[in-house]
J.: 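Got a structure for you, questions after.
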Protein chains: 2
Amino acid sequence: MRALADSIGVDRATISRALSTDKAHLVAPATRDLIRAAAAAAGYRADLMAATLRRGRSDTVGILVSDMMNEVLVRVMREIVTDLNRDQTRGQELTPLIAETGDGSGHIGHFLRTFLSRRVDAIICLSATEDDAEALQAAAREVPVVLAVRSISAIDLPSATCDDGAGGALVARHFLAHHHRVVCQIQGPQTATTFRNRAAGFSVVCREAGVRELSIGTSARAAISSEGRAVAEAILATPDRPTAVFAHNDSMALGFIEAMRHQGLAYPDDIAIVGFNNTELSRVLARPMSTVEYPVAKVSGHAADLVRALIKNREFSWESKSFDPQLVDRGTGVKRPA
Amino acid sequence: MRALADSIGVDRATISRALSTDKAHLVAPATRDLIRAAAAAAGYRADLMAATLRRGRSDTVGILVSDMMNEVLVRVMREIVTDLNRDQTRGQELTPLIAETGDGSGHIGHFLRTFLSRRVDAIICLSATEDDAEALQAAAREVPVVLAVRSISAIDLPSATCDDGAGGALVARHFLAHHHRVVCQIQGPQTATTFRNRAAGFSVVCREAGVRELSIGTSARAAISSEGRAVAEAILATPDRPTAVFAHNDSMALGFIEAMRHQGLAYPDDIAIVGFNNTELSRVLARPMSTVEYPVAKVSGHAADLVRALIKNREFSWESKSFDPQLVDRGTGVKRPA
DNA sequence: TTGAAAGCGCTAACAT
DNA sequence: ATGTTAGCGCTTTCAA
């Protein structure tokens, strides 16, 4: 920058102004063009670290995600990132710092510290669990923290989520409409609000309709197919089998299908199954599966909006929102005549 | 930091030394413990931006990835990140900056500029295409650039890849062993070295063995299932059908299976198919598919090693390596008696 | 419209 | 073993 300033015969301050988006109007058009041309020719690139130090703002957002192989999380993350990158309101795009935390390991504190040391302007936590409450609360005292996909009941932070209770209810009503009378759930880890809400939404509808919901008294330790399969085996071992099963996500539903196949049961005819997320998996099965579609775009958009607003103004009076999912009926929730 | 220094009655430089890993031995044990305790109590966290500015090193690595939904890319990325995070040799972990580029869009220049502005110590490019050669070459003049998963023929950069030619050959020999005489490929975009090598490795073995390889004269525009399906339809429309097909990845193989089903052909009995990558997809099909397993751990490990070595010493005489894949035989490459 | 000067928080070289 | 000093590259008053 100094070299550039000398070569043009202008002060470094003028260079800074000419190259910025918001202060460019303060510099004479002729000088500005001259500077920009020279900068481009010299391949000058501002040192954003130095700028950060001086401005106390890094134009950076930390993103925590538990599992980068989770289709919904990755889709939400990618949309948030695209959204933040595109933010041209101040000509300042926000660069994401991404950290994969692994589920429930408590590693989250480490990543939060790294983020804060790197002076992120805000933090987005996809897939928080109740265990993370304290660490997130502490971080929120320093920078805005926004929750996406999963909120936490213990603390009050701005969030963008799917209305998981509504999703669970949707599936329960679908089963009702197909005259199922004995149903069951394959629950994801109950430390996650998402799964707690899906469970509750489903159960309430069943109870009100007088449908019998078998309780197997256990939930998956992780929302993955092998765990789904373990729970499925417990279900299939019960004396009175359900005629329909609601899996809290598509991976666990797949585990259930595998367990059925293993026991010589026909999918989807012998026991109806509905998953959650409408992942690619559910579509590519030889027999595609009914599932609940996650409102990815809405959740991502709201999360990005929250972050932007809070960075602009820490006192912004935010609103947590939760968006309706939709049932994608591919016929696997139907009851076959006995 | 100043507050901390005053409260203990010691200079800021001493604080800096006491809190660092590599210079901690220069400070008296008693003082060091005192400082560390006070720092922890005060919740002091170093400003890494300021440190970066001063040291000219950010302990940051930029990672470019074309598609975060690509299972192999994400697995490689995650292992590289874990590996770099764990690097305790100097007590300095490397924080990743991740950018998703989208395939072949030429957006790569933008992300490279952002990385360089943020003073990354090195850049890892997963899934580069020939189109990216120039931009990467330019970046490599400023910081070490390492290629992973895909290398580029036009420029000579350190790389960690799978031996894709060997993978293609593996599949061809598998078909030979099962007495196929007419085969065909569903090729990924030929701007990627990975797919070019898979194609070449496969073709060479066929030619040498006198097996007839149908050329449909077109490759998929992207390595995704819809494109695989389009190519598959072209293949199924040819007068003499192949008895075995090699898809350059599992997604495209899935597109082929869908096309077969659509035409009333039975998978895997009517036409043998083998994919590439051993993705979850290939395993969860009602009838799991034969595929080539990508050496994820080896590729990731070498990429991380290269980055570390080059950050330590820009003149390090590196070696590009390519690792052998393995065939996972699930029986879908077998030839059925006519 | 531009320049001069100060300083963001840290670390490295040098001095003690 | 610790303190002193200088300065990384930028942006922002304030002054001209």
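Scope of the values below: all heavy atoms of this structure, side chains included, with no hydrogens, waters or symmetry mates. Every chain is numbered from 1 and lettered A, B, ... according to where its sequence line falls, protein lines coming before strand lines. What you see is a predicted model; the values in this text were computed from it and never measured.
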J.: Can you tell me if D121(B) uses its side chain to pair, donor with acceptor, with the backbone of V61(B) under 3.5 Å?
T.: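 A pair under 3.5 Å: no.
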J.: Quick one: does any side-chain atom of S117(A) pair with a main-chain N or O of L48(B) as donor and acceptor, under 3.5 Å?
T.: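 Absent.
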J.: Using five base pairs at each end, measure the axis-to-axis angle across the helix from dT1(C)-dA16(D) to dT16(C)-dA1(D) and round it to 10 degrees.
T.: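 Inter-axis angle at the termini of the helix from dT1(C)-dA16(D) to dT16(C)-dA1(D): 30°.
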J.: Answer yes or no: is there a donor N or O on one side and an acceptor on the other, between the side chain of N85(A) and the main chain of E93(A), under 3.5 Å?
T.: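 Here the side-chain-to-backbone pair does not exist.
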J.: Just grab all the salt bridge (charged side-chain N to carboxylate O under 4.0 Å, His left out) pairs involving residues 64-79 of chain A, residues at least two apart or on different chains.
T.: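 For residues 64-79 of chain A: D67(A)-R78(B), E71(A)-R283(A), R78(A)-D67(B), R78(A)-E100(B).
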J.: Kindly state which residues belonging to residues 26-39 of chain A come within less than 4.0 angstrom of DNA chain C, counting heavy atoms of the residue only, listed by number.
T.: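 Going residue by residue through residues 26-39 of chain A, the ones with a heavy atom under 4.0 Å of DNA chain C turn out to be L26(A), V27(A), A28(A), T31(A).
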J.: Using atom types as modelled, flag every donor-acceptor pair under 3.5 Å from a side chain in residues 6-14 of chain B to any protein atom, sequence neighbours excluded.
T.:
from   : atom 1 : to     : atom 2 : distance (Å)
S7(B)  : OG     : L4(B)  : O      : 3.0
D11(B) : OD2    : A13(B) : N      : 2.8

J.: Under the rule for side chain to side chain donor-acceptor pair (under 3.5 Å), what residues qualify as partners of S300(B), not counting sequence neighbours?
T.: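 By the side chain to side chain donor-acceptor pair (under 3.5 Å) rule, S300(B) matches no residue at all.
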J.: Could you run through nucleotides 8-16 of chain D and give me one letter per nucleotide, 5' to 3': B if any protein heavy atom sits under 4.0 Å from the base, S if only the sugar-phosphate is that close, - if neither?
T.: BBBBBB---
J.: Regarding S159(A) and S320(A), do their side chains bring together a donor and an acceptor under 3.5 Å, going by distance alone?
T.: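 S159(A) vs S320(A): donor-acceptor pair found between side chains.
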J.: Checking the side chain of T101(B) only, and the main-chain atoms of I108(B) only, is there a donor and an acceptor separated by less than 3.5 Å?
T.: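 Between the backbone of I108(B) and the side chain of T101(B) there is no qualifying donor-acceptor contact (under 3.5 Å).
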J.: Test side-chain contact (heavy atoms from CB on, under 4.5 Å) on L112(B) and L64(B); report intermediate values, then the result.
T.: CA-CA 8 Å; L112(B) 286 172; L64(B) 291 168; 3.7 Å; yes
J.: Would you call D305(A) and R308(A) a salt bridge, taking side-chain N to carboxylate O under 4.0 Å as the test?
T.: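 Yes, charged N to carboxylate O under 4.0 Å.
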